[in-house]
Amino acid sequence: MLLNILKSKIHRVRVTEANLEYIGSITIDEALMEAANIYCGERVQVVDNTNGARLETYAIPGKRGSGCICMNGAAAHLVHVGDTIIIMSYAMMEPEEAKGFKPSIVFPDNNRLP
């Protein structure tokens, strides 16, 4: 049996941009992606603390150190500039691996690493 376990989390960042015309995804400051162990193209869940919206998309890197969090495509209708969000990804693992696994959790300060 495989369990779907939290792998990565960027906790409480502000959305800085929204681009309805882009084909999809969420652009995340590359430094935040690395700190949270989120890969380019990885499926992520976005939870909007401001309005309660929840969605899944994939991550792409933004300019390192910029604090960029940009909702792209249709997701920009649900999550808006200024909203506070949490970004999470999950991994499938066996129960024995899950027991000792520690997710990468990042608590940014003003969308940047502390």
Hphob cluster co-occupancy, [X] + [Y], side-chain heavy atoms under 4.5 angstrom:
X      : Y     : result
Ile69  : Tyr39 : no
Tyr90  : Ile86 : yes
Val47  : Val15 : no
Ile105 : Met33 : no
Val44  : Leu6  : no

- Item | Contact check, side chains of Ile26 and Cys70, non-hydrogen atoms, under 4.5 Å | no

- Item | Results of salt bridge (Lys or Arg N to Asp or Glu O under 4.0 Å) for Glu17 - residues two or more places apart only |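 Applying salt bridge (Lys or Arg N to Asp or Glu O under 4.0 Å) to Glu17 gives none.
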
- For Arg64, all residues meeting salt bridge (Lys or Arg N to Asp or Glu O under 4.0 Å), sequence neighbours excluded: Glu30, Glu34

- Task: Identify which one of Val106, Ile28, Thr57, Leu32 satisfies the side chain to side chain contact (heavy atoms under 4.5 Å, CB included) criterion when paired with Ile87.
- Result: Ile28

- Query: Quick check: are there more than 12 heavy atoms from other residues, nucleotides or ligands sitting under 6.0 Å from CD of Glu94?
  - Reply: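 Yes.
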
Just list the side-chain donor-acceptor pairs under 3.5 Å for residues 95-104, sequence neighbours left out, or say none.
| residue | atom | partner | partner atom | Å |
| --- | --- | --- | --- | --- |
| Glu96 | OE2 | Lys99 | NZ | 3.0 |

- Item | Residue pair Glu42, Ser89: steps toward the side chain to side chain contact (heavy atoms under 4.5 Å, CB included) verdict | CA-CA 8 Å; Glu42 185 172 356; Ser89 69; 3.1 Å; yes

- Message: I'd like to know if the side chain of Lys9 and the backbone of Phe107 have a donor-acceptor N/O pair within less than 3.5 Å.
- Response: no

- Without swapping roles, check the side chain of Asn111 against the backbone of Arg14 for a donor-acceptor pair under 3.5 Å. yes

